[in-house]
Amino acid sequence: MLDLKFIREHPDLVKEGIRKKGEADSVDDVLRLDMQRRDLVQRGEALKNRRNTVSEEIGKLKRGGQDASPSIAEMDAVKTQIKSLDDELKQVEESLNRLLLTLPNIPHPSVPEGKTPADNQEIAKWGEPPVIDFTPKPHWDLVQKLDIIDFERGVKVAGAGFPIYKGPGAKLQRALINFFLDEAYAKGYTEIQPPLMVNTASATGTGQLPDKEDLMYTVPKDELYLVPTAEVPVTNIHRDEILSEEQLPIKYCAYTPCFRREAGSYGKDVRGLNRLHQFDKVELVKFVHPGVSYNELESLRTDAEVLLQKLGLHYRVLLMCSGDMGFTQSKKYDLEVWSVGQQRWLEVSSISNFEAFQARRMNIRFRPRGGGKPEIVHTLNGSGLAFPRVVAALLEYYQTPEGKVIVPKALHKYTGFEVIG
RNA sequence: GGAGAGGUGGCCGAGUGGUUGAAGGCGCUAGUCUCGAAAACUAGUAUACGCGUAAGUGUAUCGAGGGUUCGACUCCCUCCCUCUCCGCCA
């Protein structure tokens with residue numbers, strides 16, 4: 001959510017930012033409702049002031065045994081007016097709030113303007129594709145021969161997009177959980193095991209609601225949502241809190257399964273591990289002082305990149321353009337790992353600065369050193385990392401001509417084996 | 001799921017219709033005292049929104065929402081949550 005005062009004072013900047021994101025701009029409606037709201041507030045409060053004053057007088061008169069009926073009669077009329085102004089105000093505020101929740105965050109000046117993924121900028125590349133003298137297999141062939149991931153039976157048990165990891169496949173997943181979390185620990189992140197279902201307020205706080213309800217699995221009977229990412233429960237930990245500046249930055253890491261309906265996906269994008277309804281992810285979340293959030297974004301990116309480096313996987317860093325960035329972000333990087341078997345890049349991490357956009361929705365503030373008014377914190381998060389595509393890339397990258405897979409050294413102490421197959 | 005109790009400021013805790021934003025205590029901040037610290041004493045110590053350049057001022061907030069009333073922390077209704085006992089259960 002954007003700051004209403006900022007919109008009021010800089011409507012053109014906001015309109016420009018929304019235009020860059022390629023979204024419809026309802027800034028003028030916001031301003032109109034804001035004016036209506038302030039007018040109603042002023043009229044209502046003047047009457048309430050009157051009511052409070054007279055009620056106090058009535059109290060005094062009654063205690064003095066005097067007649068207060070003229071005042072009471074006046075207040076009867078005032079009461080009706082207040083009620084009607086309050087009702088009107090409530091409607092205006094509901095409309096205003098609904099509108100504010102649908103305004104996207106505006107991009108940081110360093111974000112390139114663009115409309116599609118083609119406009120994203122590749123700003124770094126690490127490693128090389130492996131040199132091999134055979135035709136590499138895609139991971140879905142490898143895992144079937146090795147019998148380590150069973151897609152067919154996953155369909156039977158749950159449906160498409162719910163694979164079953166088996167034997168070394170399951171252990172590889174478990175190894176990655178520990179590897180990623182240990183790396184995060186070493187960088188000062190505190191491990192969180194959050195709820196895997198969240199309520200409406202939490203889903204609204206991080207921006208999944210009201211617009212993106214279709215992405216989530218719902219539990220209607222209990223008004224809960226299965227987490228589409230640990231970002232949701234972890235960022236909401238500090239909802240409606242005033243932190244102290246000394247606590248900042250707060251850094252959390254969390255391993256969770258993630259559940260996404262991903263309606264409308266099809267084709268090569270969903271083959272094998274490329275896109276699933278349930279997948280594992282370690283998420284990194286930061287709450288930081290607004291003055292340093294862009295430094296924190298860079299270090300967050302480094303924290304995620306190092307994981308791919310330690311796994312020895314070839315990857316690139318994209319700076320997302322304004323139009324491809326998403327509703328809540330001010331600036332976002334994607335890490336894409338090279339898929340040898342598919343000869344394409346796969347997104348394994350998305351690293352974002354939301355500035356105050358989420359924190360304002362969630363009312364997460366901090367008290368500045370030495371006192372003073374609470375300020376909104378900035379929130380950031382990044383995948384560190386999402387498992388399925390890392391697993392896909394890893395299996396494909398380290399495959400042998402015989403269809404076995406060499407486990408990268410960084411994982412040996414977690415897997416206990418060095419070769420799959 | 002059944003029965004009972006309760007939700008008040010950073011924390012504890014008073015308050016059952018009329019200056020209660022809210023006693024008292026703790027904590028915290030500043031000052032006095034001290035070589036310094038502790039203790040003691042003094043003062044200050046919520047948030048949001050509106051108006052105002054500002055000082056300031058108005059309104060709201062005692063779990064949430066609604067109702068009764070001239071006036072609600074106090075009465076009524078609905079919901080949420082916590083605790084205790086019982087049941088069920090990994």
Side-chain angles (χ1 to χ4, degrees), chain A residues 1-9 30-101 193-205 209 219-225 233 236-248 250 257 287 356 358-377:
Chain A
M1 177 157 60
L2 296 170
D3 181 11
L4 182 55
K5 277 196 189 123
F6 184 84
I7 299 173
R8 197 187 291 154
E9 285 159 20
V30 168
L31 294 174
R32 183 176 48 76
L33 286 166
D34 180 46
M35 292 223 334
Q36 281 183 33
R37 177 182 141 272
R38 280 188 291 167
D39 176 57
L40 289 166
V41 163
Q42 282 174 47
R43 283 154 63 198
E45 288 190 352
L47 286 171
K48 285 175 187 170
N49 185 10
R50 176 72 184 151
R51 179 190 66 190
N52 290 347
T53 312
V54 174
S55 289
E56 203 177 306
E57 285 166 8
I58 291 170
K60 282 178 187 158
L61 288 173
K62 287 206 161 183
R63 265 171 299 172
Q66 293 172 275
D67 175 34
S69 47
S71 294
I72 291 177
E74 184 199 341
M75 286 310 99
D76 209 34
V78 167
K79 186 164 69 162
T80 317
Q81 291 177 56
I82 289 176
K83 174 92 174 110
S84 112
L85 284 172
D86 274 353
D87 286 347
E88 205 180 331
L89 178 63
K90 197 174 164 188
Q91 283 187 11
V92 168
E93 283 188 328
E94 271 170 15
S95 311
L96 179 58
N97 212 276
R98 209 175 313 126
L99 214 49
L100 280 174
L101 283 176
Q193 291 191 9
L196 301 181
M197 296 189 220
V198 294
N199 56 29
T200 307
S202 293
T204 307
L209 295 179
V219 187
K221 199 169 180 183
D222 298 290
E223 282 193 84
L224 292 169
Y225 299 87
N236 273 280
I237 287 175
H238 293 297
R239 173 150 50 83
D240 290 318
E241 289 185 18
I242 300 177
L243 307 162
S244 66
E245 185 172 346
E246 286 73 19
Q247 285 175 267
L248 303 179
I250 294 173
F287 303 82
Q358 290 184 328
R360 188 173 293 110
R361 287 173 163 236
M362 282 181 278
N363 197 26
I364 306 175
R365 293 167 293 172
F366 70 97
R367 174 96 50 197
R369 238 179 275 276
K373 287 268 168 206
E375 295 176 41
I376 310 272
V377 302

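Letters A, B, ... mirror the listed sequences (proteins, then strands); counts begin at 1. Only heavy atoms go into these numbers, but all of them, side chains included; no hydrogens, no water, no symmetry mates.
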NZ/NE/NH1/NH2 to OD/OE distance under 4.0 Å, A:D86 and A:K90: no
Donor-acceptor pair, side chain of A:R361 and main chain of A:T204, under 3.5 angstrom: yes
Main-chain N/O of A:Q91 paired with A:E94 side-chain donor or acceptor, under 3.5 Å: no
Nearest heavy atoms of A:L243 and A:I250, plus distance in Å: CD1-CD1, 4.0 Å
Nearest heavy-atom neighbours spanning A:L47 and A:I82: CB-CG1, 3.7 Å
Near-strand residues of residues 1-9 of chain A, defined as heavy-atom separation under 4.0 angstrom from RNA chain B: A:K5, A:R8
Set of residues satisfying salt bridge (Lys or Arg N to Asp or Glu O under 4.0 Å) with respect to A:E241, sequence neighbours excluded: none
Nearest-angstrom distance, [atom1] atom, [N] to [M]:
| N | M | atom1 | answer |
| --- | --- | --- | --- |
| B:U8 | B:G24 | C1' | 14 Å |
| B:G71 | B:C88 | C1' | 49 Å |
| B:G21 | B:G10 | C1' | 16 Å |
| B:A60 | B:A22 | C1' | 14 Å |

Validation row: A:T80, A:D76 side chains within 4.5 angstrom (heavy atoms): no
A:M362 and A:H238, any side-chain heavy atoms less than 4.5 Å apart: no
Sugar-phosphate, base or nothing in reach of A:R365, heavy atoms under 4.0 Å: sugar-phosphate
Sugar-phosphate only, base, or nothing, as touched by A:R43 at under 4.0 Å among non-hydrogen atoms: nothing
5' precedence on RNA chain B between A:D34 and A:A46 (nearest-nucleotide basis): A:D34
Can you check the [X] [atom1] to [N] [atom2] distance for me, whole Å?
| X | N | atom1 | atom2 | result |
| --- | --- | --- | --- | --- |
| A:E93 | B:C49 | CD | C1' | 9 Å |
| A:I376 | B:A48 | CD1 | P | 9 Å |
| A:L89 | B:A60 | CG | P | 13 Å |

B:U59 phosphate, OP1 or OP2, under 4.0 Å from A:N49 side-chain N/O: yes
B:A46 OP1/OP2 closer than 4.0 Å to side-chain N/O of A:K373: no
Test side chain to side chain contact (heavy atoms under 4.5 Å, CB included) applied to A:Q36 and A:E88, step by step: CA-CA 10 Å; A:Q36 281 183 33; A:E88 205 180 331; 5.8 Å; no
Closest to side chain of A:R38, choosing from B:U47, B:G58, B:G50: B:G50
Per-nucleotide protein contact string for nucleotides 65-72 of chain B, where B marks a base within reach and S marks sugar-phosphate only (heavy atoms under 4.0 Å, - for neither): -SS-SBS-
